[in-house]
Structures are given as structure tokens and as C-alpha cells.
2 protein chains.
Amino acid sequence: MATFQQSSDLPRTAAKRSRPPARTSRRSEPPEVRRKQLISATMHSIAKNGLSGTTMATITQEAGLSLGIANLHFKSKEKLLLATLEAIAGEYNSGQAAVLADRDHENLVHKLNDLVDFHFSKNITQKNKLAVWFAFFGESKVRPTYQRIWSGHDIQSVAAIRDFFERIVAEGNYQTAHATSIARGYTAMIDGLWLDLLIAPRELNRLQAKQVACHYLASVFPNHMSIGSE
Amino acid sequence: MATFQQSSDLPRTAAKRSRPPARTSRRSEPPEVRRKQLISATMHSIAKNGLSGTTMATITQEAGLSLGIANLHFKSKEKLLLATLEAIAGEYNSGQAAVLADRDHENLVHKLNDLVDFHFSKNITQKNKLAVWFAFFGESKVRPTYQRIWSGHDIQSVAAIRDFFERIVAEGNYQTAHATSIARGYTAMIDGLWLDLLIAPRELNRLQAKQVACHYLASVFPNHMSIGSE
DNA sequence: TAGATATGAATGAATGATCATTCATTGCTA
DNA sequence: TAGCAATGAATGATCATTCATTCATATCTA
């Protein structure tokens, strides 16, 4: 899914004056292209400048477009930010769903490993994306819309993981395990480890974080995850 | 004639009913009192308005003081925010240290329960405080100073918990448990559960969150934490 | 003790900077 | 050429910061 690369391959200085003719001869692009371009630029700007340092100017510069363009395709800055949050949540949820639905690995042991691999993949744990996640969390108490979007994402994600863990509990015949509680605990631990990766990268790297999550899963699902494995 | 009154009309707008010019108190308070007052007001404003909605005006209004006072006692808004973050991190660390140092509960089973009780106490999981925590996290990627403060807090907290877990591992003779990894996993899970409490309070309440954490501890330290206990 | 003066904490109007949004204009494309 | 995407200067709103002024209290003086 290499969707959001466009904006970064043009030097920012090119934005102002010369438009490279590029491959397409049309100056005006379909709205959908511009929207994706602007959403991608918003992510980059939030990662680089923080949410409070992200202005219409930083976003449109990053996209190599003019100042007014964002209000043309989105009605306001607020709506552009919401679209950005939705894009990230959507990418995450569909990626996780793909792992859980993968028919090539109906073996639950493999699938559990795939799930952890996904959650700690380079793509998902990119500093930029984590920065965007947590930037929105910080404002969510005050912005009901942010809260609603994340709440929906959370419910979906936890439910999918819970269903999967229920199958593992059944297959492993784990007597004391409670799939719902483990699903909540696992997703919470993932969020917390991501926070560590973002804020204290010197204390913890991606693979160590994955190890920590694997230890947890190994302690509750010993027949499906072995401590030394990943 | 009636114009004599003009100059005494002013006090109404002043200080928004801060306090009656009571006999005991001087109008001017010691700097330490004002600093605490302003830090407290900053927390309230961040919880109420978000970090981006917090201005010098909202802070000083909350404190019942005038606009200029914050720049008098702190050099800038930035420094006031940093002082606020430090105050919260300090309160948390000293609270946790007190639990771990408590001589009345040298029994590790009791102390482990006290620790979880602390982490999910009403005081620590107040929505307002969580909102402040995560508001700063969101900006930390971009503000090195925020990152440094939180990083220091994190290192201290994890180290203290790791030392405590090492004693539990030794006492329980847990063969596969790795205190460092469990300490990281536990603190990460706490952060993640707090995030859920803040953002998805309908999905999870304080006691359920505590249950989830206890399940985790019970799975790694079965002799020190029983699933149904808390 | 009463009155005068000094001190500096506290105030808030004014300033200048930043930013979202608008819209008249530009210029590509069909 | 008509239509419309795109532009960016201009606008108005918001906000941090400044600083001349106010005023409660302490200290001095007779």
C-alpha cells in the first residue's frame, strides 16, 4: 500500500514557482488525488511540527501546493485534520483485518506471530505515524469528533483481536485465560509500547518492544507463543 | 458631581472575584504560592480546553488573577507549561516511590496489590490528569524538553518497578519470568489502559482496567496475584 | 501614633506576530 | 473561448508578551 508517497518526491522549493511538467499534462488533478496529497502532507507536517505547529501554510508547502487549496478540497482545516485521522485509523484497521483474515495461515500459531509482526512492523511503528496518533489523542478529550473516530477504531480493533484470541483459548484449552481481558490488555500494551517508542526511543527499540509483547502472549498462551521465538 | 466615582468603578473587572481583601492576607503573596496557583490553573485549563485551547487568558482567569501575572512569575508560557508537566511527573513518581518503600507492607503480595491500587486509584486516573499527560505526549516529538522530562520520569518509574519485580521473581522462583521485560510490559499496559480510560470511557471503566492489569500480573506472578482477588 | 514615603506585586490596555479563511485573479484544458 | 482548478494577497481574529500604571503594605519620620 504505497499510496501516500507523492508529496515527498517533489522538492519543496519547486512548489513556489516552476511546476515541473511531470508525467501528466494536466495542471489540475482529480479531487481524489489532491485530497490524498493533502492528507499525506498533513501527516508529514504533524510529525515534523507537532499538531500545534501545523498550519495551513506548513501543510500546503509540504504538498507543494498553494495556500488556498486546502480550503478548496476540504471545507476547513478542522475537516482536513479529521480526514487525516480517519485515513490513519482506516489503514491500521484494514491492515490488521487482512492479517486476521489471511487464509494462507489458518494455523493459529502462525497467525498469532503474524499479528505481532504486523503491530511492530516498520510500517506501523514509523515515528511519523505514531506522532500523528498521539497528537490526536492529546486533544481528544476536548474534541468530541476525534474521540468518536478513535473510539470506533478501538472497538473494531479490540473486537477483532478478542474473537481471534477466543479461538486460541479454545484450541489451547487454556483454563484461566479470559479472551476479552487479554485482548484489552494486549491492545493497551501495544499502545503503551508505541508511546515508549515515540517518546523514549533510547530506552526501547522496535524489536525489544516486540519481545515484551511476545513475553506477555507467551505467558497467557504458552502453547501458541514461545518466548524465544520472535 | 457624580463623576468622583469613576476611579473606584474599576475593581469589578479586576481579578474576577479572586478573594476578599481579607484582613489576614496581603494582596501580594509569596512567589511560591502564586507559582502553585498558576500551575494548578494550567492543569485545569488543559483539561478543560486542551493544550491548543489553553491561552494565558484561560490560565489566569482560572487562577482568578490578571493576565500579566504568569509572565511575572514564569518567564513565558512555555516555561509555565514545563513547570506544570514537571509537577505532574513529580507527583506521580513520588507517589509510586512511597508505595514501593512502605515499610508496613514488606509482604510482597500486599505490596503488589498496593501498587496496582495506586496505579488505578481515583486520584491517579482522574480524567483531568490523564488529559494533561496525553496532551504533552502529543507534542513531545517536537518539543525536546517535554521529551526529556517524560523520558526521565519513565526511566525512574520503570527502574523502580523492575527492582520490585526482581524481588518477586526471586521470592516466587519464577523460572521463565524476566523482570525487566515484565516491568516494561506492565508500565506500557498501564499507559495504554489510561489512554482507554481517557478516550473510550464507555468501553472501559477504572475497575475493569485494574482487572485487566491484575490478570496480566496473575499470569506472570501466579503466586503473588490471584485472578479473582482484586 | 499619625502621616508621609518607598517598594514591588499586580494589573490590563496596547502591541505586534501568527494564522485560518476569503475571494479576485490567473492560466490551464477541453 | 468558456469553465474551473489553482493561486496568494488581503482580511480579520486570536494570542503571547510588554510595560506604564495602580495600589496594598512596609518602613520611615516627627
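Lettering of chains follows the sequences in order, A, B, ..., and the numbering in each one begins at 1.
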Using 30° and 60° as the class limits, which term best fits the ring planes of His119(B) and Tyr92(B): parallel, tilted or perpendicular? parallel

Would you call the rings of Trp133(A) and His153(A) parallel, tilted or perpendicular if under 30° counts as parallel and over 60° as perpendicular? tilted

Test side-chain contact (heavy atoms from CB on, under 4.5 Å), reference Thr42(B), set Leu85(B), Thr58(B), Ile59(B), output is Ile59(B)

Which whole-number value in Å describes the distance from [X] [atom1] to [N] [atom2]?
{"X": "Gln61(A)", "N": "dC19(C)", "atom1": "CD", "atom2": "P", "result": "11 Å"}
{"X": "Leu38(B)", "N": "dA16(D)", "atom1": "CG", "atom2": "C1'", "result": "15 Å"}
{"X": "Arg34(A)", "N": "dC28(C)", "atom1": "CZ", "atom2": "C1'", "result": "12 Å"}
{"X": "Phe74(A)", "N": "dT21(C)", "atom1": "CZ", "atom2": "C1'", "result": "16 Å"}
{"X": "Ile69(A)", "N": "dA6(D)", "atom1": "CD1", "atom2": "P", "result": "4 Å"}
{"X": "Leu67(A)", "N": "dA5(D)", "atom1": "CG", "atom2": "P", "result": "18 Å"}
{"X": "Ile59(A)", "N": "dT21(C)", "atom1": "CD1", "atom2": "P", "result": "10 Å"}
{"X": "Met56(A)", "N": "dT21(C)", "atom1": "CE", "atom2": "P", "result": "6 Å"}

With sugar-phosphate meaning primed atoms plus P, OP1 and OP2, does Ser52(B) contact a base, only sugar-phosphate, or nothing at under 4.0 Å between heavy atoms? nothing

Just to be sure I understand the rule, does Thr54(A) reach a base, reach only the sugar-phosphate, or reach nothing, if contact means heavy atoms closer than 4.0 Å? sugar-phosphate

Among residues 76-87 of chain B, which residues get a heavy atom nearer than 4.0 Å to DNA chain C? none

Polar contact flag, side-chain donor to acceptor under 3.5 angstrom, Asn123(A)-Lys129(A): yes

Please identify each residue that fulfils side chain to side chain contact (heavy atoms under 4.5 Å, CB included) with Glu139(B), with sequence neighbours left out. Leu51(A), Ser52(A), Leu51(B), Arg143(B), Tyr146(B)

Side-chain atoms of Thr55(A) come closest, of dA20(C), dT7(D), dT18(D), to dA20(C)

Options dT18(D), dG12(C), dA6(D), nucleotide nearest the side-chain atoms of Ser66(B): dG12(C)

First of Gly53(A) and Lys75(A) reached from the 5' end of DNA chain C, by closest nucleotide: Gly53(A)

Just to verify, what does Phe134(B) make a ring pair (Phe, Tyr, Trp, His ring centres under 6.0 Å) with, not counting sequence neighbours? Phe137(B)

Return no unless some side-chain N or O of His73(A) is found under 4.0 Å from OP1 or OP2 of dA5(D). no

Closer than 4.0 angstrom, basic N to acidic O: yes or no for Asp154(A) and Arg184(A)? yes

